[in-house]
2 protein chains.
Amino acid sequence: MDFKESLIQYFGFSERDWEETASRFLPETLPARSLFLEQGNIATRLAYLRSGMMRSFIYDDQANDITTQFFKQGSVVISMKSFNDQVPSRENIITLEECEIDVITYERMQELTGLVPAWRDIAKHVDEFKYNALMNRSIQLQTLTASERYQLFIKKHPDILQRVALKHIASYLGIDIATLSRIRKSI
Amino acid sequence: MDFKESLIQYFGFSERDWEETASRFLPETLPARSLFLEQGNIATRLAYLRSGMMRSFIYDDQANDITTQFFKQGSVVISMKSFNDQVPSRENIITLEECEIDVITYERMQELTGLVPAWRDIAKHVDEFKYNALMNRSIQLQTLTASERYQLFIKKHPDILQRVALKHIASYLGIDIATLSRIRKSI
DNA sequence: GTTATTATTTGACTTTTGTCAAACAACCGC
DNA sequence: GCGGTTGTTTGACAAAAGTCAAATAATAAC
């Protein structure tokens, strides 16, 4: 089911609602390794990822590049705090491959929630989905060993494993790259 | 500034808004070590914690009690996923001391968002605040050593340290209790 | 294609963290 | 205030994870 159909089915969109929505999402193609959002800037846009893959990352206190999220096909690409509150972002979002996205600006999204009230519910759903994902991730970091975290990751995201550099997976899991290499050998 | 004043000041509440609000929050006193929410149940209530302290916890796959949050005076006590979506909770919430709370049920909260639209914004604020807190926590678990996590914790929450059993702080930080004891000796 | 860059693996070693068991300390309920 | 329960510390040890440096391997840029 595509985007339009799911809006109609799950959020009761009318044809008119869909038109207001579609006219505000603009298709765009980003080359590989290009920044969608840079830290320090206010997130002015949100994207639906039609194809390709992105990741978000921060720099820790030793300036290490730490991956905090992976975005794959079908994901909503957003820095929640920065976009929702219009404050400078702590995180960067960068493409890992060429990406096809549908982009909406903060202003257009404001219009849209005015015109199509169901967009409030969608936004709430997205926020809650992201919150739950983060909660699960947090509990995993809190309770699992490095090896367990990696094994769970490949089980849940075999597709990401194929397409992303191991060093990004390592930092995402909070594991040193050399340690991850040894974990991989041992299983 | 108390609750009423901040609603008037930050959310433009009228006297009427306040009355609708106040009549739906019921004061209650919970004894120490009593469950506010038990896993498997749907969270029917949300509380504002006037005094006392609570924690949320889950059981991991080895049935260890893992603390996931501390709630202190002034916090909103809620299991977000369970309350917002009205699904069974994975987490438990329990008092650590006698607590004075103001409680509102899910139904009353629904009424309130209908009568006082600003409550939508407040709910959004609370959700975002919790999301940001979780994001910070997650990054700490991902990037800091056990000792660094503990030192940051005592710096940010000296008050909790005084009032909560070390084993709960240990599980919250993802550290074995014996290891935490040694970390404490070393600093 | 070739070279330069970047990513991954591996070895040798150190440090950090966990495990198990026992001792000690604090707290609770009667 | 006593006895039992629960919480914390400690020792001896084992396992997990990190560090540094070098060797390979893979990839990107020309």
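Within every chain, numbering begins at 1; the chains are lettered A, B, ... in the order of the sequence lines, protein sequences first and strands thereafter.
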Taking the side chain of [X] as heavy atoms from C-beta outward, which of [options] is closest to it?
| X | options | result |
| --- | --- | --- |
| A/Arg182 | C/dT10, C/dA7, C/dG18 | C/dT10 |
| B/Thr145 | D/dT10, C/dT17, C/dT9 | C/dT17 |
| A/Ala178 | C/dT17, C/dT19, D/dC20 | D/dC20 |
| B/Asp176 | C/dT9, C/dG18, C/dA7 | C/dG18 |
| B/Thr179 | C/dT10, C/dT17, D/dA28 | C/dT17 |
| B/Lys167 | D/dT10, C/dT19, D/dG7 | D/dG7 |
| B/Ile177 | C/dC20, D/dT8, C/dG18 | D/dT8 |

Ring centres under 6.0 angstrom apart (A/Phe70, A/Tyr172):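 Judged by ring-centre distance (under 6.0 Å), A/Phe70 and A/Tyr172 do meet the cut-off.
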Test of ring centre spacing under 6.0 Å for B/Phe11 and B/His125: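 So the answer is yes for these two rings.
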In whole Å, I'd like the distance from the [atom1] atom of [X] to the [atom2] atom of [N].
| X | N | atom1 | atom2 | result |
| --- | --- | --- | --- | --- |
| A/Leu96 | C/dT6 | CG | P | 16 Å |
| A/Leu144 | C/dG18 | CG | P | 13 Å |
| B/Glu148 | C/dT16 | CD | C1' | 12 Å |
| B/Asn64 | C/dT19 | CG | C1' | 13 Å |
| A/Leu141 | D/dA16 | CG | C1' | 16 Å |
| B/Gln142 | D/dA17 | CD | P | 15 Å |
| B/Gln162 | D/dT8 | CD | C1' | 16 Å |
| A/Arg33 | D/dA28 | CZ | P | 6 Å |

Criterion side-chain contact (heavy atoms from CB on, under 4.5 Å) on B/Leu134 and A/Ser138, from CA distance to verdict: CA-CA 8 Å; B/Leu134 186 57; A/Ser138 178; 3.8 Å; yes
Helical bend (five base pairs per end, nearest 10°) for the helix from C/dG1-D/dC30 to C/dC30-D/dG1: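 The end-segment axes of the helix from C/dG1-D/dC30 to C/dC30-D/dG1 are tilted 70° relative to each other.
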Audit row: B/Ile78, B/Phe71, side-chain contact (heavy atoms from CB on, under 4.5 Å) steps and yes/no: CA-CA 10 Å; B/Ile78 178 180; B/Phe71 301 93; 5.6 Å; no
Side-chain N or O of B/Lys185 closer than 4.0 Å to phosphate OP1/OP2 of D/dT10: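 For B/Lys185, the contact criterion (side-chain N or O under 4.0 Å from OP1 or OP2 of D/dT10) is met.
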Any A/Arg184 side-chain nitrogen or oxygen under 4.0 Å from OP1 or OP2 of C/dT8: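 For C/dT8, neither OP1 nor OP2 has a side-chain N or O of A/Arg184 closer than 4.0 Å.
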For the student: nearest non-hydrogen atoms of B/Arg33 and B/Ile94, plus distance: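 The answer is C-CG1, 4.0 Å.
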Whichever of B/Gly174 and A/His168 has its nearest DNA chain C nucleotide further upstream toward 5':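 On the 5' side of the pair lies A/His168.
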Flag, side chain of A/Arg24 to backbone of A/Ile104, donor-acceptor distance under 3.5 Å: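 No: the side chain of A/Arg24 does not pair with the backbone of A/Ile104.
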Carboxylate-amine/guanidinium contact A/Glu15 A/Lys4, below 4.0 Å: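 Salt bridge: yes.
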Salt bridge B/Arg16-B/Glu19, side-chain N to carboxylate O under 4.0 Å: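 The answer is no: the pair does not qualify as a salt bridge.
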Sugar-phosphate only, base, or nothing, as touched by A/Leu180 at under 4.0 Å among non-hydrogen atoms: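 If one applies the 4.0 Å heavy-atom cut-off, A/Leu180 turns out to touch nothing in the nucleic acid.
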